[in-house]
Amino acid sequence: TLADAAVYTDPTGATRALPDPEADARVRADDRGHVFHSWSAQALIDPLPIAAGDGATFWDYSGNAYLDFSSQLVNLNLGHQHPDLVRAIQNQAGRLATIQPAMANDVRGELARRIAEVAGDGFEKVFFTNGGADANENAVRMARLVTGRRKVLSMYRSYHGNTTTAISLTGDPRRWPNEPADGSTAKFFGPYPYRSAFHSSSVEEETQRALEHLEQTIVLEGATTIAAIIIETIVGTNGVLVPPPGYLAGVRELCDRYGIVYIADEVMVGFGRVGEWFAFQAFDVQPDLITFAKGVNSGYVPLGGVVMSDRIASHFDTVSFPGGLTYSGHPLACAAGVATFEVFERDGILERVRDLGSRVVEPRLRDIASRHPSVGDVRGMGLFWALELVKDRETREQLVPFNASGTDAAPIAAVAAACKREGVWPFTHFNRVHVAPPLVITEDELVRGLDVIDRALSAADEYATH
Ligand code: PLP
């Protein structure tokens with residue numbers, strides 16, 4: 001196998017062995033010469049050329065293997081080069097590579113039906129997009145058209161994507177340089193028991209105060225001007241913030257009381273990441289619109305979309321929906337989506353995620369937290385976790401102060417470097433180390449990766465005072 005022999009097949013079909021310094025130099029030269037990278041100062045980055053991947057592992061051209069503990073951008077739910085997904089894409093490409101959105105196609109229809117089925121009662125229709133940002137963009141457009149209102153509320157500490165409205169809804173520093181974009185947006189604080197904006201002393205109090213604050217925001221922003229509230233069911237890149245019991249149900253009630261559409265952004269947490277088809281299903285709440293992308297087909301071919309409640313979908317029965325994308329419901333992407341459903345069902349992926357999360361990850365992270373003075377909080381569900389690092393566990397002083405650069409500060413960079421030296425590719429951001437491996441990771445690999453994180457955290461402990 002690739003893991004044993006460090007051999008891979010290059011795009012021309014030739015078998016190559018690693019290390020391959022010539023290929024490494026060529027990829028680096030083309031990349032640094034011509035690829036303009038996301039979210040980066042181009043002269044300050046050094047992207048690692050990747051030769052191949054298999055399951056939870058990928059290799060660089062020097063033959064170094066990395067366990068992918070970030071699932072790329074938390075999209076690679078079924079791991080690298082899953083044979084069922086690769087085969088489905090190859091078969092579809094051989095049959096019919098593309099077809100425009102106004103026509104019907106077998107895999108597009110089957111995928112929409114299967115998504116609506118797992119979304120549950122009250123959901124029948126799916127609007128396909130190319131990714132997560134345009135899913136949110138279109139969900140907001142639907143809410144605006146149905147309500148006849150314009151304003152959309154979203155949380156501080158959120159990420160909703162990098163198109164005009166999605167970046168405006170984003171409650172983190174990625175929005176700042178892009179302002180003003182969509183001016184009809186406003187922010188509120190969500191619950192965050194470890195760092196309460198409401199000085200709460202219990203989780204129950206946090207829930208209640210966060211809901212009172214949201215209602216005040218609705219009233220003061222003008223309830224009759226608000227089309228939608230958009231919430232990541234579990235906040236992802238801003239901290240794996242799991243909503244406390246009752247919070248999302250309270251949001252639902254407020255939306256009903258004020259005639260507001262509830263959009264659940266499930267781009268990162270949908271499709272098994274937390275052991276449910278959609279994360280909201282773990283919280284006993286029913287949104288009006290669900291946005292998805294990433295895990296729907298592990299990003300093998302770009303795909304996202306909006307699952308629409310019957311109430312919203314039926315608004316467009318006789319009124320035209322003014323929106324569309326050339327690649328909406330792309331057959332190659334949908335074929336990979338249908339294969340994803342088959343793998344999830346055949347291999348019991350949801351059950352596996354729940355089991356590994358509660359039996360392996362959570363106890364180990366709590367054990368890590370008990371031994372490392374730099375670990376202040378442990379949060380998560382399924383295979384989606386974060387360790388929040390602090391300078392002082394008693395005062396909860398942050399390990400590094402809030403910074404907007406998007407670049408990890410020294411203590412976190414040191415943890416990330418220590419992980420990479422031991423063959424784990426981590427997801428680190430601000431004061432956090434996230435654990436988000438592919439859902440197909442073996443138990444041995446998972447334990448090995450957690451061992452590495454455990455050792456790597458010693459680098460952060462040096463900056464902690466307790
Ligand atoms: N929403 C959430 C919660 C996300 O995490 C992301 C991406 O990380 C997006 C939206 C944007 O998705 P995309 O990058 O596919 O546009």
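As the structure is a prediction and not an experimental result, all values here were calculated from the model.
Considering only heavy atoms from C-beta on, L153 stays 4.5 Å or farther from T185 through its side chain. Using a 4.5 Å heavy-atom cutoff, the side chains of L169 and V140 are in contact. Counting only heavy atoms from C-beta outward, the side chains of N431 and V400 approach each other to under 4.5 Å. Taking 4.5 Å as the limit, every side-chain heavy atom of V306 sits out of range of all side-chain heavy atoms of V126. Within the 4.5 Å cutoff, the side chain of N64 has heavy atoms near those of the Y66 side chain. Side-chain atoms of F123 and V118, non-hydrogen and from C-beta on, never get closer than 4.5 Å to each other. Proximity of V375 to E388: side-chain heavy atoms (C-beta onward) are nowhere separated by under 4.5 Å. Residues H372 and D454 form a side-chain contact, since some pair of their non-hydrogen atoms from C-beta on lies under 4.5 Å apart.
With a 6.0 Å radius and a threshold of 12 heavy atoms from other residues, nucleotides or ligands, L73 has its CG atom at or below the threshold. Within a 6.0 Å radius of CG in D284, other residues, nucleotides and ligands contribute 12 heavy atoms or fewer.
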Using the salt bridge (Lys or Arg N to Asp or Glu O under 4.0 Å) rule, take R252 and D256 through it: C-alpha gap first, then chi angles, then the decisive distance, then the call.
CA-CA 6 Å; R252 172 77 269 176; D256 289 342; 2.9 Å; yes
Side chain to side chain contact (heavy atoms under 4.5 Å, CB included) assessment of I45 paired with R32
CA-CA 9 Å; I45 55 172; R32 298 317 301 122; 3.5 Å; yes
Please walk me through it: do V435 and L383 pass side chain to side chain contact (heavy atoms under 4.5 Å, CB included)?
CA-CA 7 Å; V435 172; L383 288 176; over 6 Å; no
Should I229 and V152 be marked as a side chain to side chain contact (heavy atoms under 4.5 Å, CB included) after you check the CA-CA gap, both sets of side-chain angles, and the distance that decides it?
CA-CA 6 Å; I229 296 177; V152 183; over 6 Å; no
Take Y61 and R28 through the side chain to side chain contact (heavy atoms under 4.5 Å, CB included) test and state the conclusion after the steps.
CA-CA 11 Å; Y61 285 95; R28 282 181 197 276; over 6 Å; no
Could you walk me through whether S201 and E205 pass side chain to side chain donor-acceptor pair (under 3.5 Å), step by step?
CA-CA 7 Å; S201 50; E205 199 168 68; 3.0 Å; yes
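Salt bridge annotation for D377-R195: absent, with no cationic side-chain nitrogen under 4.0 angstrom from a carboxylate oxygen. Taking 4.0 Å as the cut-off between side-chain N and carboxylate O, R175 and E179 count as a salt-bridged pair. A salt bridge does not link R352 to D355: none of the charged side-chain nitrogens sits closer than 4.0 Å to a carboxylate oxygen. A salt bridge links D84 with R346; the closest basic N to acidic carboxylate O contact falls under 4.0 Å. Ion pairing between D444 and R448 fails under the 4.0 Å rule for side-chain N and carboxylate O. In summary, D392 and R396 do not engage in a salt bridge, as defined by a charged side-chain N under 4.0 Å from a carboxylate O. E266 and R273 are not joined by a salt bridge, as no carboxylate oxygen comes within less than 4.0 angstrom of a charged side-chain nitrogen.
Judged by distance alone, the side chain of S200 and the main-chain N or O of S202 form no donor-acceptor pair under 3.5 Å. Side-chain atoms of Q286 come within 3.5 Å of backbone atoms of D121 as a donor-acceptor pair (strictly under, hydrogens ignored). One N or O on the side chain of N138 and one on the backbone of D134 form a donor-acceptor pair closer than 3.5 Å. Not one N or O on the side chain of Y262 forms a donor-acceptor pair closer than 3.5 Å with the backbone of V285. When atom types are taken as modelled, the side chain of H434 and the backbone of S70 share no donor-acceptor pair closer than 3.5 angstrom. No donor-acceptor pair under 3.5 Å is formed between the side chain of T233 and the backbone N or O of A264. Without hydrogens or angle criteria, S184 side chain to K151 main chain gives no donor-acceptor distance under 3.5 Å. T57 contributes no side-chain N or O that, together with a main-chain N or O of A65, makes up a donor-acceptor pair within less than 3.5 Å. Judged by distance alone, the side chain of S196 and the main-chain N or O of H199 form a donor-acceptor pair under 3.5 Å. In terms of modelled atom types and a separation under 3.5 Å, the side chain of N77 and the main chain of S298 share no donor-acceptor contact.
With rounding to the nearest 0.5 angstrom, the OG1 atom of T428 is 11.5 Å from the CG atom of L387. Interatomic distance, OG1 of T291 versus CZ of F127, reported as 13.0 Å (0.5 Å rounding). With values rounded to the nearest 0.5 angstrom, R141 atom CZ is found 13.5 Å from L289 atom CG. Note that CD of E232 and CG of D265 are 5.5 Å apart. Values are rounded to the nearest 0.5 Å. Atom OH of Y159 and atom OG of S154 lie 13.0 Å apart (nearest 0.5 Å). Remark: W59 CH2 to D54 CG distance equals 5.0 Å, nearest 0.5 Å.
Using cut-offs of 30° and 60° for the angle between ring planes, the Y156 and F189 rings count as tilted.
Here the closest non-hydrogen pair linking T217 and K187 is CG2-O, 4.0 Å. Scanning all heavy atoms of the two residues, the minimum distance from A56 to E445 falls at CB-OE1, 3.7 Å. Among all heavy-atom pairs drawn from N297 and L85, the shortest one is O-CD2, 3.6 Å. Among all heavy-atom pairs drawn from G295 and T340, the shortest one is O-CG2, 3.9 Å. Residue G376 comes nearest to Y194 through the heavy atom pair CA-OH, 3.2 Å, listed as atom of the first residue, atom of the second, then distance.
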Show me the donor-acceptor pairs within less than 3.5 Å that the side chains of residues 234-246 make with the rest of the protein, sequence neighbours left out.
from	atom 1	to	atom 2	distance (Å)
T237	OG1	R174	NH2	3.1
N238	ND2	S158	O	3.3
N238	ND2	D172	OD2	3.1

Donor-acceptor pairs under 3.5 angstrom involving side-chain atoms of residues 415-423: please list them, not counting sequence neighbours.
from	atom 1	to	atom 2	distance (Å)
E422	OE1	R455	NE	3.2
E422	OE1	R455	NH2	2.7
E422	OE2	R455	NE	3.0

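In this structure, a donor-acceptor pair under 3.5 Å is absent between the side chains of E362 and S358. Judged purely by distance below 3.5 Å, without hydrogens or angles, the side chains of S309 and D288 never pair a donor atom with an acceptor atom. For the residue pair D182 and T165, a side-chain donor N or O sits within less than 3.5 Å of a side-chain acceptor on the partner. For the residue pair E204/T207, the side-chain donor-acceptor check at 3.5 Å is not satisfied. Counting only N and O atoms by type, the side chains of Y258 and E215 include a donor and acceptor under 3.5 Å apart. A donor atom on one side chain and an acceptor atom on the other are not found under 3.5 Å apart for N130 and H330.
Between W385 and F427, the ring centre distance reaches or exceeds 6.0 Å. The six-membered or imidazole ring of F271 lies away from that of F344, with a centre-to-centre distance of 6.0 Å or more. The distance between the ring centers of F402 and F430 falls below 6.0 angstrom.
Legend: side chain to side chain donor-acceptor pair (under 3.5 Å) pairs involving residues 36-45, not counting sequence neighbours, sorted by first then second residue: D31-H37.
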